[in-house]
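Report on the following structure.
We name chains A, B, ... by the order of the sequence lines, and we start the count at 1 in each one.
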Amino acid sequence: MLLRMSTLFLRTLREDPADAEVPSHKLLVRAGYIRRVAPGIYSWLPLGKMVLDNIAQIVREEMNRMGAQEVLFPALLPREYYEATGRWTEYGDTLFRLKDRKGADYLLGPTHEELFTDLVQREYSSYKDYPVILYQIQTKYRDEARPRAGILRGREFVMKDSYSFDLDDDGLKRSYELHREAYIRIFDRLGLEYRICSAMSGAMGGSASEEFLAPAENGEDTFVSCRECGYAANAEAVVTPAPPEVTAEHPPMQVLDTPDTPTIESLVQVVNEKYGLGITAADTLKNVVVKVRTPGSDEVETLVIGVPGDREVDFKRLEAALSPAVPEIFEAEDFAKHPGLVRGYIGPQILKDLGIRYLVDPRVVTGSSWVTGANEPGKHAAHVVAGRDFVPDGTIEAAEVRSGDPCPRCGGALSLDRGIEIGHIFQLGRKYSDAAGLDALGPDGKPIRITMGSYGIGVSRLVAVLAEQGHDELGLVWPREVAPADVHIVGTGKDNQIEVAVRLAEELEAKGIRVLVDDRQGVSPGVKFKDAELLGMPTILIVGRGLASGVVELRDRASGERQEVPLDEAVDRVVAVCRS
RNA sequence: CGGGGCGUGGCGCAGUUUGGUAGCGCACCUGCUUUGGGAGCAGGGGGUCGUGGGUUCAAAUCCCGCCGCCCCGACCA
């Protein structure tokens with residue numbers, strides 16, 4: 001492959017686009033890899049398309065290697081498929097919907113579980129057909145509430161999604177493991193830094209779902225990891241270790257007069273000044289009211305969550321803990337309907353009588369003593385003991401996770417980082433096969449309900465993640481396997497430099513090296529160097545002033561290392577570098 | 001949806017407070033010079049100033065409505 005800058009469809013920009021915030025977005029636009037068409041919708045220009053294709057190819061090779069078979073479903077789908085599983089309505093505003101000329105409902109596929117399930121059901125009917133793993137690399141459409149960061153979170157994006165179909169749980173585990181290993185190979189080949197994070201709380205059982213997160217400051221996900229034992233988990237899935245129960249005797253509950261203490265901070269100050277209790281925010285019990293709506297039901301439950309006062313309720317964690325039910329903010333009008341709940345002074349002592357369910361943070365163990373609301377304006381209560389003065393209805397993982405919190409596996413200190421989700425593997429079970437009635441006929445003539453796994457990789461997102469992890473102040477730095485070309489040859493323009501650069505390019509191409517050559521006339525060397533650095537090919541070969549003395553310069557884009565090479569050795573040296 | 005900001009040649013911006021010939025840098029075109037760090041000189045092309053209405057002799061600028069976009073919080077690969 002030989003690309004010539006003189007004819008390549010490319011325009012680099014000297015300035016950052018105004019709408020870009022994160023480095024990958026700025027650089028991909030500046031380097032002419034992508035262009036915006038609409039919010040969250042981008043065009044791929046020649047160089048960008050090559051990177052995208054190269055990534056897709058790696059994914060494809062590794063999926064095929066583990067025995068998955070590629071198919072391709074349409075992106076444009078009729079409503080019926082999503083009607084059966086209820087997702088036509090459940091998906092809400094995120095679904096791109098449209099009508100054909102007859103007025104029939106269609107959608108642009110946000111994900112394809114229904115289609116895969118349906119296809120397997122139509123074609124396969126015997127236990128002898130299973131197991132099977134199918135995948136596609138498809139453009140997906142989601143009308144995201146807020147697309148952002150260029151290609152990182154678009155409304156149109158390319159995703160590899162695969163589905164495994166097995167006869168039993170052991171088979172599902174095997175398919176899951178196959179994917180896990182394939183994903184590791186894919187991300188390793190891409191040279192990515194990533195963590196495999198448990199995406200499900202341990203309470204729900206083990207490795208049923210894991211996320212591959214690429215650490216990045218601009219990431220949208222928060223994950224914890226433990227340096228001691230290697231534990232890593234999405235913040236939503238972190239389990240809080242419970243301290244031991246307390247058996248010591250506590251003084252009886254005491255009501256305190258605490259006017260004007262709407263916040264934990266003010267409460268701690270007043271209690272310590274007035275009553276000399278010497279408490280910290282962690283000794284207080286904060287009670288947060290939420291409404292909980294269960295999908296498919298009109299009922300709304302009022303629920304109180306108790307967390308140590310020094311911690312906020314993390315709404316994402318709360319949501320994950322309550323799923324599939326959805327928590328909502330308890331508004332002023334809701335308080336009006338519940339006169340027993342005194343805003344700012346809620347204590348768990350009366351919740352039983354009010355018939356309100358009360359879930360607490362795991363740190364609120366039996367025998368622990370707290371300062372909490374006394375259910376009267378301006379009053380709090382001290383020595384409120386769990387198990388004695390109130391009995392919670394259970395625990396819930398809703399409190400925020402903080403750096404330094406104990407690791408649930410080994411007790412070490414957890415650190416907190418941001419990451420970008422690049423892959424997700426998930427033991428789905430029988431949700432979709434139940435909906436579709438997907439059975440195989442067993443050897444005994446009885447039907448076997450198929451169990452499924454679903455697995456995704458954000459292919460177009462990976463372009464952004466690679467740019468996010470692979471750049472410096474000069475521009476992009478691609479790993480060789482995804483770069484549009486192995487080597488970027490710069491002919492600086494004086495005398496016969498361009499001519500020699502093109503000759504070297506042709507010789508290298510003949511040896512199977514992917515070459516981009518800057519053969520532009522009348523462009524100053526500075527511009528060519530800047531462009532080479534911005535575009536990010538892993539190797540740069542400069543045919544410039546050294547040519548007069550028979551040498552060219554070989555540079556490594558990532559390390560910046562430079563060396564002079566005799567002209568007649570240049571081809572062999574480049575080939576060696578590209579194949580190493 | 002809630003909060004903040006912004007819409008002016010392809011891109012990045014000034015001009016709006018105080019109405020009066022639409023401007024700068026980059027990019028693009030022509031010519032000459034230049035060629036190892038985003039070249040110089042000269043000439044040139046290109047803009048419904050987001051949109052609709054209003055005020056005015058006169059609106060990018062003032063008033064009202066609408067639309068769009070970007071950024072921060074709840075979803076997801």
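B:C1 sits 35 Å from B:A14 when the C1' atoms are compared, rounded to a whole Å. Here the separation of B:G47 from B:A60, taken at their C1' atoms, is 12 Å to the nearest Å. A gap of 8 Å separates the P atoms of B:G50 and B:U61, to the nearest Å. On the C1' atoms, B:A58 is 7 Å away from B:G20, given to the nearest whole Å. Between B:G25 and B:U17, the two C1' atoms lie 25 Å apart (nearest whole Å). Taking the C1' atom of each, B:C57 and B:G46 are spaced 31 Å apart, rounded to whole Å. Atom C1' of B:G7 sits at a distance of 16 Å from the matching atom of B:G52, rounded to the whole Å. If you take atom P in B:C11 and the same atom in B:C69, they sit 16 Å apart, rounded to whole Å.
Near RNA chain B, defined here as any heavy-atom distance below 4.0 Å, the residues from residues 519-526 of chain A are A:V523, A:S524, A:P525, A:G526, listed numerically. Listed by residue number, the members of residues 44-77 of chain A with any heavy atom below 4.0 angstrom from RNA chain B form an empty set.
What separates NE2 of A:H424 from P of B:A77 is a distance of 7 Å, to the nearest Å. Taking atom CD of A:E421 as the reference point, atom P of B:C76 lies 9 Å away to the nearest angstrom. Across the protein-nucleic acid pair, A:R36 atom CZ and B:G10 atom C1' stand 14 Å apart, rounded to whole Å. Computed from coordinates, the A:K528 NZ to B:U35 C1' distance equals 9 Å when rounded to whole Å. Computed from coordinates, the A:D518 CG to B:G36 C1' distance equals 13 Å when rounded to whole Å. Remark: P of B:U35 and CZ of A:R545 are 13 Å apart, rounded to the nearest angstrom. In this structure, the CG atom of A:D19 is 15 Å from the C1' atom of B:C13, given to the nearest Å. At whole-Å resolution of the value, CZ in A:R153 and C1' in B:G73 are 13 Å apart.
Checking A:D221 against A:G493, the closest nucleotide of RNA chain B that is more toward the 5' end is the one next to A:G493. Of the two residues near RNA chain B, A:A38 and A:L474, the one whose nearest nucleotide lies more 5' is A:L474.
Considering A:E564, A:E533, A:E561 as possible partners of A:R555, the one that fulfils the salt bridge (Lys or Arg N to Asp or Glu O under 4.0 Å) test is A:E533. For the side-chain hydrogen bond (donor to acceptor under 3.5 Å, both in side chains) with A:Q136, the lone residue among A:H112, A:Q69, A:E70 that qualifies is A:H112. Results of the salt bridge (Lys or Arg N to Asp or Glu O under 4.0 Å) test with A:R180 over A:E62, A:E211, A:E210 single out A:E210 as the only residue that passes.
Between the side chain of A:R30 and the base of B:G38, at least one donor-acceptor pair of N or O atoms lies under 3.5 Å. Contact of A:D531 with B:G38 (side chain to base): a donor-acceptor pair of N or O atoms is detected under 3.5 Å.
Residues meeting the side chain to side chain donor-acceptor pair (under 3.5 Å) test with A:Y141, sequence neighbours left out: A:E156. In this structure A:R195 satisfies the side chain to side chain donor-acceptor pair (under 3.5 Å) test together with A:E193, sequence neighbours excluded.
Here the shortest heavy-atom pairing between A:D361 and A:V307 reads CB-CA, 4.1 Å.
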Might you list the N or O atoms of the protein lying below 3.5 Å from N or O atoms in nucleotides 24-33 of chain B, with each pair's distance?
residue: B:G25; atom: N2; partner: A:E15; partner atom: OE1; Å: 3.1
residue: B:C26; atom: O3'; partner: A:R14; partner atom: NH2; Å: 3.4
residue: B:A27; atom: OP1; partner: A:R14; partner atom: NH2; Å: 3.0

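Between A:F73 and A:F116, the distance separating the two ring centers is shorter than 6.0 angstrom.
Between the side chain of A:R35 and the main chain of A:S43, no donor-acceptor pair closer than 3.5 Å is present.
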What pairs of donor and acceptor atoms, side-chain ones from residues 24-32 of chain A against any protein atom, are under 3.5 angstrom apart with sequence neighbours left out?
residue: A:S24; atom: OG; partner: A:E468; partner atom: OE1; Å: 2.5
residue: A:H25; atom: ND1; partner: A:G150; partner atom: N; Å: 3.4
residue: A:H25; atom: NE2; partner: A:Y42; partner atom: OH; Å: 3.1
residue: A:R30; atom: NE; partner: A:L13; partner atom: O; Å: 3.0

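Between A:F426 and A:H424, the ring planes lie tilted relative to each other; the angle falls in the 30° to 60° range.
Of the listed nucleotides (B:G37, B:U35, B:A77), B:G37 has the atom at the smallest distance from the side chain of A:R555. Relative to the side chain of A:K530, the nucleotides B:G12, B:C69, B:G38 differ in distance, and B:G38 lies closest.
Between A:K160 and A:Y455 there is a side-chain heavy-atom pair separated by less than 4.5 Å. Counting heavy atoms from C-beta outward, A:R185 and A:I58 have side chains that stay 4.5 Å or more apart.
No contact: A:A464 has no heavy atom under 4.0 Å from any strand. Across all strands shown, A:I542 has heavy atoms under 4.0 Å from base atoms, whether or not it also approaches the sugar-phosphate. Note on A:G154: a base of the nucleic acid sits closer than 4.0 angstrom, heavy atoms only. The residue A:E211 sits apart from the nucleic acid: no heavy atom pair falls under 4.0 Å.
The pair A:R97-A:D143 does not meet the salt-bridge criterion, since no charged nitrogen lies less than 4.0 angstrom from a carboxylate oxygen.
Here A:F157 counts as stacked on B:A77: its ring centre is under 5.5 angstrom from the base ring centre and the planes meet at under 30°.
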